[in-house]
Amino acid sequence: MDNSLHISELQRVVSVDLKGLKGSYKESEYELYIKTAEQSFDTLVNRVGRGGEFLGWLNLPSQISDSQRELLMKIANDWKSDIELVVVVGIGGSYLGSKAALEALSHHFSLHLGKGEWPQIVFAGQNLSGEYLSELTDLIDKRSTAAIVISKSGTTTEPAVAFRLIKRVLGQRYSKEECQRRVVAITDKSKGALKKMADDEGYLTFVIPDDVGGRYSVLTPVGLLPLAVAGMDVNAMIEGATAMQAICSQRSRENPAIVYAALRNLLYSQGKKIEILVNYNPKLQYFSEWWKQLFGESEGKEGRGIFPASVNFTSDLHSMGQYIQEGERTIFETVISVDKPKRDLVIESDQENLDGLNFLSGKTVEECNKMAELGTMIAHMDGGVPNIKIGIPALNEYNIGALFYFFEFACGISAYMLDINPFDQPGVEDYKRNMFALLGKPGFEELAAKLRSEI
Ligand code: PA5
């Protein structure tokens with residue numbers, strides 16, 4: 001078996017490396033799982049599986065229109081002139097994609113460096129913390145502010161509460177016309193309270209297509225508008241995703257999405273029930289959050305599914321590293337490995353060598369990071385934690401777009417291998433019903449009485 005799988009030169013954007021899986025399975029098992037993954041690939045691309053009406057994301061990258069790109073850029077350029085702060089309001093799939101890309105592509109300390117060429121982006125509506133929202137108003141008070149409010153259903157409580165507050169603050173500071181310039185809504189074409197509010201208030205609105213679910217919506221205005229107003233190159237991101245769409249649509253055992261889906265299900269069949277997504281660059285922390293939501297909400301159903309977790313190395317080698325090395329043997333790791341950093345520093349020689357680090361003289365910090373990555377992979381592999389390595393050449397818009405599409409496609413295949421509908425989330429409703437009942441929402445009185453009798 002080839003250790004590093006490439007269909008073509010384009011394939012190099014995302015590679016799947018199997019070196020860290022040595023001895024984890026027999027060739028015949030791999031063959032079996034690749035065949036099953038190919039069958040699930042057919043189910044996905046022929047749109048004949050469960051939830052097949054939510055496959056609009058399959059062709060999204062190649063179908064984004066020029067007029068939509070122009071509108072995104074128009075808003076970005078308009079806001080660039082006088083807006084200092086953009087609050088993106090949303091939860092789950094309505095914020096994690098843009099947050100992930102923004103963190104991956106921004107300067108680590110951009111918020112501390114202060115005013116740049118483009119507005120700063122902060123997020124709201126992803127929690128119900130009174131402290132968070134109160135402190136957000138302190139920030140809004142000091143900045144020229146705009147808001148992007150995102151909710152496919154238009155009825156989700158967390159963003160609705162946050163936006164009610166932000167809308168009031170903006171309404172106290174700006175005229176109605178100015179609020180119309182400063183607020184964009186992204187929601188369903190006709191349903192939900194947000195759609196009605198946007199129409200009544202005259203906000204510019206983008207539609208989330210019916211056939212694209214929240215966690216598959218990063219390549220719609222849901223993900224692209226926040227990135228455009230932050231000054232990111234969304235065209236490059238779309239191009240990267242389009243290149244990956246071309247690769248993923250090939251029914252080939254060199255298709256990295258087929259290989260990845262096959263491997264994770266093979267490992268799951270061996271009792272590896274937890275997959276940890278690993279990074280060695282803190283900029284990828286929120287990419288892991290996006291990935292966890294994608295796989296957790298898509299696969300965790302009907303008593304099945306790999307539990308998606310994440311760690312940030314080397315930080316977490318000093319906390320979770322112990323468990324991973326020697327705890328229950330139910331884990332495998334998927335490492336996102338970035339070939340080249342944007343910037344690096346050489347460790348200089350020191351005459352006194354008081355810290356004993358002169359053996360590192362002349363090496364860069366990233367060379368040390370790479371050796372930590374290699375050493376950890378070998379240690380974990382030897383400790384019974386198989387490693388899949390997903391490689392990308394660098395952190396940029398093109399590659400992040402490709403990575404988004406790759407994981408979405410692999411998730412679709414993988415869930416079908418488990419005979420799960422990847423595109424619904426029935427379990428998310430349970431907490432909402434209880435919360436509404438406990439908060440006294442009309443229509444939930446009976447449930448409220450039952451819950452109060454239980455506690
Ligand atoms: O992936 C999903 O469908 C969910 O995580 C939703 O994105 C999340 O619940 C937010 O829903 P909405 O956009 O309707 O407010």
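First listed ligand is number 1; within each ligand, the first listed atom is number 1. We're numbering straight along the sequence, starting at 1.
Numbered from 1 in the order shown, with element, the atoms of ligand 1 that lie under 4.0 Å from a heavy atom of R215 read 1 (O), 2 (C), 3 (O). Applying the 4.0 Å criterion to heavy atoms of S153 picks out, from ligand 1, the atoms 12 (P), 14 (O), 15 (O). Each of the atoms 3 (O) of ligand 1 lies under 4.0 Å from some heavy atom of Q425.
What sits closest to atom 4 (C) of ligand 1 on the protein, heavy atoms only, is E297 OE1, 3.3 Å. The protein heavy-atom contact nearest to atom 11 (O) of ligand 1 is T156 OG1, 3.6 Å.
Residue G93 has at least one N or O atom closer than 3.5 Å to an N or O atom of ligand 1.
E158 contributes atom CD, which lies 4.5 Å from atom CG of L128 (distance to the nearest 0.5 angstrom). The CZ atom of R433 sits 12.0 Å away from atom NZ of K441, with the distance rounded to the nearest 0.5 Å.
Taking a distance limit of 4.0 Å, we find that atom 13 (O) of ligand 1 is approached by some protein heavy atom.
Figure legend: cation-pi geometry between R264 and Y260, with NZ or CZ positioned under 6.0 Å from the six-membered ring centre and within 45° of its axis.
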Test S298 against Y216 for side chain to side chain donor-acceptor pair (under 3.5 Å), laying out the working first. CA-CA 10 Å; S298 298; Y216 295 84; 2.9 Å; yes

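Of the residues I148, L85, V88, the one that meets the side-chain contact (heavy atoms from CB on, under 4.5 Å) test with I121 is V88.
F407 and F287 have tilted rings, their planes meeting at an angle from 30° to 60° on a 0 to 90° scale. Between W57 and F423, the ring planes lie tilted relative to each other; the angle falls in the 30° to 60° range.
At least one heavy atom of Q293 sits less than 4.0 Å from an atom of ligand 1. For I91, the closest heavy-atom approach to ligand 1 falls below 4.0 Å.
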